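In what follows, a structure is listed as structure tokens, so that the remarks can point back to it.
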Amino acid sequence: MEKLRVGVLGGTGMVGQRFIQILEHHPWFEVAEIAASGRSAGKTYGEAVEGRWKLDGTVPEAAAKIVVKDVADVKSVAEDVDFVLSAVNMSKDEIRAIEEEYAKTETPVVSNNSAHRWTPDVPMIIPEINPEHTEVIRYQKKRLGTTRGFIAVKPNCSIQSYTPALAAWKEFEPYQVAATTYQAISGAGKTFKDWPEMVGNIIPFISGEEEKSEKEPLRIFGHVDPEKGAIVPAESPLITCQCLRVPVLYGHTAAVFVNFRKKPTKDELIAKLRGYAGVPQELALPSAPEHFIQYLEEDDRPQVTKDVNYENGMGVSIGRLREDTLFDWKFVGLSHNTLRGAAGGAVECAELLKEQGLIQHK
């Protein structure tokens with residue numbers, strides 16, 4: 001099979017680097033173009049990230065030789081790729097504009113950015129939970145005046161450690177959720193070298209994160225309204241959240257409390273977690289975990305050091321499920337924020353879109 005050619009927008013940042021790393025040996029996709037700010041344009045990718053490579057391992061050899069283009073040179077970047085993965089670092093207005101500009105060149109955009117997460121006809125996808133939301137793309141194409149160009153996004157990294165559990169428990173009708181997330185510094189695109197003041201520290205504020213954590217699951221649980229040509233968010237569960245930055249490199253942990261309208265037993269809840277699977281598992285997508293959610297019996301799990309790389313960082317770990325005095329049940333969740341939560345989740349989304357026939361060779 002001839003691989004689809006990918007352009008990585010914002011390729012020099014941490015998520016962009018993770019895209020490059022994931023795609024090095026991808027069976028379906030290959031990096032054909034890398035775009036970044038004007039500061040990096042004209043350099044080889046190896047030169048552009050020299051001294052700035054934030055991940056374990058070295059820069060992939062094939063990508064290192066690619067000459068970086070200016071992300072603003074949309075026509076030049078788009079003409080030689082089948083789709084783009086976006087991790088650009090701009091203002092939200094600038095991101096909305098440039099992603100639509102790429103889509104209008106008939107180039108599908110799969111974005112890690114938050115700018116289009118509330119654009120009504122842009123699907124925000126966790127492939128295991130709401131793959132049917134890609135149906136809204138037909139309405140988006142009408143608005144954009146395109147035949148194959150569109151934008152799809154993945155949700156915030158912080159919700160991935162608890163939203164899959166709520167999806168697995170949907171039939172028990174969770175209606176109230178209180179969550180506190182303990183978020184790794186790589187979620188801010190940082191390492192401890194970049195951010196030494198985080199060593200031994202906790203910061204009880206991450207700008208914009210609590211609103212995303214409370215609202216985005218409702219859009220995931222929503223539905224496509226054909227009359228509106230849009231995603232209509234669900235009204236339940238009501239979620240309240242606090243988000244803390246903690247001195248961990250990778251891995252977002254969540255402590256979560258849930259009330260259910262239908263009262264499940266612990267065994268029923270665990271069985272739903274362990275048995276939960278979606279379209280990515282049915283299709284055996286290359287990035288999809290074989291087992292999306294694992295439940296850990298030990299009192300001291302999940303732990304970042306032991307569990308963050310479960311299923312190559314694409315699985316979700318749940319533990320400490322127990323009855324609560326105020327809520328029905330409480331648990332702890334863990335997900336890898338730059339794999340499941342960011343670059344890996346976007347690549348899996350692109351795989352889903354390919355299998356649905358929405359991303360093809362130009």
Side-chain angles (χ1 to χ4, degrees), residues 114-120 122-130 132-133 153-184 187 203-225 230-246 251-264 269 272-273 276 278 292-293 295 302 316-337 340-342 345:
S114 64
H116 274 293
R117 287 184 193 154
W118 288 93
T119 303
V122 171
M124 181 170 68
I125 301 167
I126 297 177
E128 283 83 358
I129 299 176
N130 62 329
E132 73 283 357
H133 281 198
V153 299
K154 51 147 288 299
N156 194 42
C157 51
S158 70
I159 75 168
Q160 313 273 347
S161 48
Y162 57 92
T163 302
L166 300 179
W169 296 334
K170 184 179 180 181
E171 70 182 74
F172 303 122
E173 299 180 17
Y175 70 96
Q176 290 177 326
V177 177
T180 300
T181 59
Y182 303 85
Q183 299 185 206
I203 298 176
F205 173 71
I206 306 171
S207 180
E209 203 77 1
E210 286 158 1
E211 182 183 12
K212 294 173 188 174
S213 298
E214 293 171 353
K215 302 298 185 188
E216 288 187 14
L218 297 177
R219 194 162 194 260
I220 296 289
F221 296 145
H223 67 277
V224 178
D225 185 326
I231 304 290
V232 176
E235 295 182 0
S236 182
L238 179 67
I239 302 172
T240 182
C241 192
Q242 294 200 99
C243 299
L244 284 64
R245 189 73 72 193
V246 296
H252 288 354
T253 299
V256 187
F257 301 77
V258 190
N259 275 329
F260 296 98
R261 296 194 190 282
K262 298 178 180 176
K263 303 305 181 185
L269 290 169
K272 289 295 181 185
L273 294 174
Y276 190 82
F292 182 35
I293 305 173
Y295 183 77
V316 176
S317 300
I318 305 291
R320 301 210 69 211
L321 179 66
R322 58 221 192 274
E323 290 187 88
D324 185 58
T325 52
L326 290 176
F327 287 76
D328 293 331
W329 294 91
K330 54 190 171 187
F331 70 93
V332 174
L334 171 67
S335 59
H336 195 302
N337 56 295
R340 165 54 65 178

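What you see is a predicted model; the values in this text were computed from it and never measured.
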Gap separating the CD1 atom of Ile231 from the CG atom of Leu218, nearest 0.5 angstrom: 13.5 Å
Asn156 and Glu209 side chains, donor-acceptor separation under 3.5 Å: yes
Set of residues satisfying side-chain contact (heavy atoms from CB on, under 4.5 Å) with respect to Glu132, sequence neighbours excluded: Asn130, Glu135
Donor-acceptor contact below 3.5 Å, side chain Tyr295 vs main chain Leu269: no
Distance-minimising heavy-atom pair for Arg322 and Trp329: C-CE3, 3.3 Å
Arg117 (side chain) donor-acceptor with Val122 (main chain) under 3.5 angstrom: no
Value rounded to 0.5 Å, distance of NE2 in His252 from CD in Gln183: 4.0 Å
Verdict with supporting geometry, Phe292 and Val316, side-chain contact (heavy atoms from CB on, under 4.5 Å): CA-CA 6 Å; Phe292 182 35; Val316 176; 4.0 Å; yes
Set of residues satisfying side-chain contact (heavy atoms from CB on, under 4.5 Å) with respect to Ala165, sequence neighbours excluded: Trp169, Leu273, Ile318, Phe331
Check: Gln160 main-chain N/O paired with Arg340 side-chain donor or acceptor under 3.5 Å: no
Main-chain N/O of Val224 paired to His133 side chain as donor or acceptor, under 3.5 Å: no
Shortest non-hydrogen contact from Thr181 toward Cys243: OG1-SG, 3.2 Å
Results of salt bridge (Lys or Arg N to Asp or Glu O under 4.0 Å) for Asp324 - residues two or more places apart only: Lys330
Atom pair CD/CD of Glu216 and Glu211 - distance to nearest 0.5 Å: 9.0 Å
Residue list, side-chain contact (heavy atoms from CB on, under 4.5 Å) with Ala342, at least two apart or on another chain: Val15, Asn112
Test side-chain contact (heavy atoms from CB on, under 4.5 Å) applied to Thr240 - qualifying residues, sequence neighbours left out: Ala178, Glu214
Distance-minimising heavy-atom pair for Phe221 and Ala234: O-CB, 3.7 Å
Flag if over 12 foreign heavy atoms under 6.0 Å of NZ, Lys212: yes
Side chain Gln242, main chain Thr180, donor-acceptor under 3.5 Å: no
Minimum heavy-atom distance Ser335-Cys157, with the two atoms named: OG-O, 4.2 Å
Between OH on residue Tyr182 and CG on residue Leu334, distance to nearest 0.5 Å: 13.5 Å
Nearest-0.5 Å distance that lies between atom CD in Glu171 and atom CZ in Arg261: 15.5 Å
N/O donor-acceptor pair under 3.5 Å between Asp225 side chain and Ala230 backbone: no
Partner residues of Lys170 under the salt bridge (Lys or Arg N to Asp or Glu O under 4.0 Å) criterion, sequence neighbours left out: none
Least distance between heavy atoms, Ile239 atom then Ser213 atom: CG2-O, 4.0 Å
Gap between atom OG of Ser161 and atom NE2 of His336 - 0.5 Å precision: 13.0 Å
Closest approach of Pro164 to Ile159 (non-hydrogen atoms, all atoms of both residues): CD-O, 3.9 Å
